[in-house]
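Below: one structure, written as structure tokens.
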Amino acid sequence: MHRGYSNLKMQSSSLICSICKKNDKFVTDPESEEIICSNCGQVIPDNIQVSNRPEWHGFSILQRNSRSRTGIPTSLARHDMGLATIIGRPDRDASGQRIDAAMRSAMERLRTWDLRTQVHTSTDRNLIQAFNELDRLKDRLCLPDPIVEKTAYIYRKAQERMLIRGRTVSGILAAAVYIACRESGTPKTLKDISEGSNVKLKEVARSYRMLYFELDLKMPIIDPIRCIAKVANKSKLSEKTKRQAAEIMNIVTKKEFSAGKDPMGMAASILYLASLKNGENITQKHIANAAGVTEVTVRNRAKDLKDKFLI
DNA sequence: TAAGATAAGAGGGACAT
DNA sequence: ATGTCAGTCTTATCTTA
């Protein structure tokens with residue numbers, strides 16, 4: 001059985017993650033163009049110290065090779081957590097001698113049973129199906145590994161509590177991804193996930209609420225500044241506009257004006273107003289598109305903001 | 001063509017029955 | 001469990017500059 005490495009589009013960059021200080025592998029969110037650390041899942045700020053050195057030193061090629069760690073890491077996102085031993089197809093024994101036909105057929109039988117017992121229980125079969133799907137989801141949504149691990153952890157919990165029965169694997173999985181994103185502060189909307197996973201928005205939302213209650217989750221609220229960053233990057237707005245929008249967002253959030261409003265809608269309209277102030281020609285349509293809300297929402301929010309804050 | 005206005009409808013939370 | 005209500009957002013259509 002081949003267990004491949006992650007097929008996420010890794011980019012080796014000249015950066016090193018400022019949060020976990022360990023990692024120089026990043027994935028880029030194609031939508032928002034945010035750079036995300038593949039180790040800790042944090043979004044990397046644009047202006048950051050550069051250093052692409054590994055955290056260890058190698059004084060010779062030999063040492064270098066011996067110090068780089070290889071092998072399949074253990075992962076919650078494998079039904080056996082990547083720990084299983086698998087009987088291979090050897091035609092030689094441990095000392096390198098060819099093994100005879102009788103032994104080979106015995107090994108073949110053992111191998112068959114070995115494989116059968118590994119995926120024996122319905123739990124295992126369910127997890128295998130789910131994690132295969134998670135693997136595809138990872139590519140579609142460009143999820144960094146820590147989010148994948150979190151998702152797998154949540155899914156396992158749901159499985160343990162027998163919450164999957166009578167519901168679809170994809171629905172629960174999509175909801176788990178959403179929860180994982182929320183927990184790590186990655187601004188992905190239910191809509192993003194619904195579109196990436198071919199699960200209807202309604203079902204993702206329902207599954208999410210179910211998991212939220214059943215697993216007793218405490219969800220951090222979405223940081224509205226993150227939403228600003230996401231929308232601004234996606235719609236290619238200038239840094240200046242972005243900064244001003246963030247300031248406005250801070251004020252608005254403090255006055256609790258944004259309570260109960262869609263944070264993406266707020267972010268979109270604030271960016272719209274900020275870009276007008278800076279003389280950037282940006283249409284409501286463009287910004288609404290980038291935020292995944294309608295023009296009408298942008299208009300209404302913008303109008304409210306103008307009225308209340310006289311911007 | 002972009003922006004504003006208006007209306008109908010969906011879906012979910014709060015609350016009462 | 002079910003119904004109602006206010007508030008939000010979406011979709012669609014029309015008007016205005």
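In what follows, chains carry the letters A, B, and so on, assigned in the order in which the sequence lines appear, proteins first and then strands, with residues in each chain numbered from 1.
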Please output the side-chain donor-acceptor pairs of residues 248-263 of chain A that fall under 3.5 Å, not counting sequence neighbours, one pair per line with the distance.
residue: A/Thr253; atom: OG1; partner: A/Met249; partner atom: O; Å: 2.5
residue: A/Asp262; atom: OD1; partner: A/Met264; partner atom: N; Å: 3.1

> To the nearest Å, how far apart are A/Arg209 CZ and B/dG13 P?
Replying inline: 5 Å

> Mapping A/Asn300 and A/Glu295 onto DNA chain B by nearest heavy atom, which one lands closer to the 5' end?
Replying inline: A/Glu295

> How far does CG of A/Asp145 sit from CG of A/Leu143, to the nearest 0.5 angstrom?
Replying inline: 9.5 Å

> For A/Ala175, which residues count as a side chain to side chain contact (heavy atoms under 4.5 Å, CB included) partner, sequence neighbours excluded?
Replying inline: A/Ser207, A/Tyr208, A/Leu211

> If you look only at pairs with a residue in residues 164-176 of chain A, which of them pass as a side chain to side chain donor-acceptor pair (under 3.5 Å), with sequence neighbours excluded?
Replying inline: A/Glu133-A/Ser170, A/Thr168-A/Glu203

> Rounded to the nearest Å, what distance is computed from the NZ atom of residue A/Lys285 to the P atom of nucleotide C/dT11?
Replying inline: 13 Å

> Roughly how many Å is it from OH in A/Tyr212 to P in B/dG13, rounded to a whole number?
Replying inline: 11 Å

> How does each nucleotide of nucleotides 12-17 of chain C score, in 5' to 3' order, for protein heavy atoms under 4.0 Å: base (B), sugar-phosphate only (S), or none (-)?
Replying inline: B-----

> Pairs in or reaching into residues 291-305 of chain A: which pass side chain to side chain donor-acceptor pair (under 3.5 Å), with residues at least two apart or in two chains?
Replying inline: A/Gln284-A/Arg299, A/Thr294-A/Thr297, A/Arg301-A/Asp304

> Tell me: CG of A/Leu190 to C1' of C/dT8, nearest whole Å?
Replying inline: 16 Å

>> Checking A/Glu247 now: which residues fulfil side chain to side chain contact (heavy atoms under 4.5 Å, CB included) with it, not counting sequence neighbours?
In response: none

> Within the structure shown, what part of the strands sits under 4.0 Å from A/Thr283 by heavy-atom distance: base, sugar-phosphate, or nothing?
Replying inline: sugar-phosphate

